[in-house]
Amino acid sequence: MSSLEEPLGFDKLPSMSTIERIQRYSSGACRPYENNMGMGSRWIEGRSCSTSNSYELQFKGECFYAILSQEDYDEGTREALPWTRHNRDFYKEDSFNQRTSSLCRNDVVQGNGFDSWYSPDHQYNSKSDEKGIQNLTNKFIKSIPKYVKIVEVGPRDGLQNEKDIVPTAVKVELIHRLVSSGLSVVEATSFVSPNGFLSWCKGSSGFASASESFSKSNVNCSIEESLARYGAVTRAAKELSIPVRGYVSCVVGCPVEGAIPPSKVAYVAKELYEMGCFEISLGDTIGVATPGTVVPMLEAVMAVVPVENLAVHFHDTYGQSLPNILVSLQMGISIVDTSISGLGGCPYAKGASGNVATEDVVYMLDGLGVKTNVDLAKLMKAGDFISKQLGRPSGSKTAIALCRVAADGSKI
Amino acid sequence: MGMGAAGLKEEVVARLILTNQMNFIYGAGFPFHLKVNASMLSFPKQDYDEGTREALPWTRHNRDFYKEDSFNQRTSSLCRNDVVQGNGFDSWYSPDHQYNSKRDEKGIQNLTNKFIKSIPKYVKIVEVGPRDGLQNEKDIVPTAVKVELIHRLVSSGLSVVEATSFVSPNGFLSWCKGSSGFASASESFSKSNVNCSIEESLARYGAVTRAKELSIPVRGYVSCVVGCPVEGAIPPSKVAYVAKELYEMGCFEISLGDTIGVATPGTVVPMLEAVMAVVPVENLAVHFHDTYGQSLPNILVSLQMGISIVDTSISGLGGCPYAKGASGNVATEDVVYMLDGLGVKTNVDLAKLMKAGDFISKQLGRPSGSKTAIALCRVAADGSKI
């Protein structure tokens, strides 16, 4: 992981090409176009570990999962979960990483391992439940992918929405910390290389709206015009082996048009995919989606774009992003866009604010036993850093709660 | 507390009867069952054509945000129809690009059914703001404010509103203790919060059975159903034990509380599995805290598992003072917004609910704890600028 931790020094612009630089900092992000299938596992491979057993030995969290068994659950064990009062050294990786989610995950994976320490007179072992209820559990949790890739959009989507321009050094430090936490994909701000390469933001992303009105107000052209424009971009990028990520905005609702038909979203997503985007991120730009509207939208899109090439990008404007992410995961989505501390939103949709906070999503995924390769303690340090820089509290409830627990822990 | 003057009781009762929407109100020191059928909201079927600009609450056209007609009809009907009837939008989109979800592979169609179909058609919302919410305020909230809040909440369609406890001068059991049984699934939390062990709590709530004899319905509460600040993770079997005891004592409903807000769907599912094996699901409610932002996904998965009763608090008022760092009941507005979008009937009018939230937020002098409320207020404000 060492190559990922080196600061990029965007303002220094070393002599190597833009592509090489990006490849160094985000190992999986710049795979040649022809290798865009199965990018999920390739991300891990780019970091010199595989998804086989050897992977489990390389990371503390994984190693612990292998060891923890039912015998470890006895009355004397005070698990140092992040929110327990025993965990005074909150930011120490050992205690935190081991415990953050392993118990929860084991509880799901192995059934109820706690009975051994409870009074034998009152044994309600979930394994002896009626078959019906056991199937229910499987149905709602089992379909969730085992590994989810988190795409951190904070430095791009988040910081570009700040009123005051954030100094480059701060951005670089933030990216450094985010990458240190294990995030394999961090979207940085756009910049134009002096070599005249395509500006990275425009060269590697295709933004299209599923709403005509939003398209006209946001990028000043119709959907068809946007798609034509990005067709040119993706063709150029393909020749240069630059992978392009597509974005569809207003996938559920638009401030002008109201509800957006799933078929329209599917059309735009399919066009972007056929143009060559290796991944298409479906964005609920104004945050109005609920699981009831996410499901038909995903149904339509998944009929025309493979699920492994789809990401979801929800906004927490109405507080709905986490249930929307949950149902997306249940449907097989395994890529989620998030933003550290909930930075950023959409300036063109009035009232829209609030990317979903990375910390909150990682907390939920940890509890579900989903692998993310992200270390929540280190992630919180990144969030803490940028919140202090911006001079305002974190937009993440998890971060606020865990900080309070750490503070309280020292009083016991 | 202790405001059990007969005059107050009458005033509260009088206001509530006038709203004509009450099913239960308890916690007000009187063993009333006011059973009046709540009016059912109708969701008209929509004609989808290009000219229609649906006045959804968050669209710029909807300037008269608080007008019930436009708002009520549109808040969720589109979303709901989209789920229930399949994709009804194709008629106005270019026929060259028809991606009709009905023609999807059977596999994907089944997926939809699986994750949405199991959700109950009707969910009862138990509004705990006036009790759980306001009792956590540093400054005592004046009774008149509480009464007005309750009145507004009831007006929005909420059939169950938990009010603060007060002791009637007639010597009835103090409602809080007499009609609710609080038990913790965590020994340590039990000792620190109610100063007795779980067994002792349960014995004490044998008073519950006496209440039952008096025809006072008793609601049971289990706290720390997933985690406790001292003990860490709580075994589902323990939660099931406590819930079963409360149920067998005679509680008509048991509310399962994630007191410190640490639960995620991964821990909610095994906990509910265990409890549902010993208590019928129709007698179970969930009470999540949003301390870690997890309450809505937790509610969603609970609904998927068949739970149909959810405790919420207007504007996200309140939390638990005994669990350090714990704060934040889930906001009623956010939950109603999600349920509306899922096509679940709640009988709650979101516009009226927001008026209640707006009222109490102004009274307390702080912003709402509900993102939905904040977002919709901003939309209403922006709407007037277009």
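Between B/Leu342 and A/Gly292, the closest heavy-atom pair is CD2-N, 3.5 Å. In plain terms, the two heavy atoms of B/Lys371 and A/Gly319 that are nearest each other are CB-N, 3.6 Å.
For the side-chain contact (heavy atoms from CB on, under 4.5 Å) criterion with B/Pro265, the lone passing option out of A/Ile144, A/Leu329, A/Leu326 is A/Leu326.
Taking the side chain as every heavy atom from C-beta outward, A/Leu322 and B/Leu296 never approach each other to under 4.5 Å. Residues A/Pro323 and B/Ile299 fail the side-chain proximity criterion, which asks for heavy atoms closer than 4.5 Å. Between B/Gln304 and A/Gln330, some side-chain heavy-atom pair lies under the 4.5 Å cut-off. Side-chain contact between A/Tyr318 and B/Ile374 is absent, with no heavy-atom pair separated by less than 4.5 Å. Contact annotation: the side chain of B/Phe115 approaches that of A/Ser143 to within less than 4.5 Å [non-hydrogen atoms, C-beta and beyond]. Counting heavy atoms from C-beta on, the side chains of A/Thr317 and B/Arg378 never come closer than 4.5 Å. At least one side-chain heavy atom of A/Tyr363 sits less than 4.5 Å from a side-chain heavy atom of B/Thr264.
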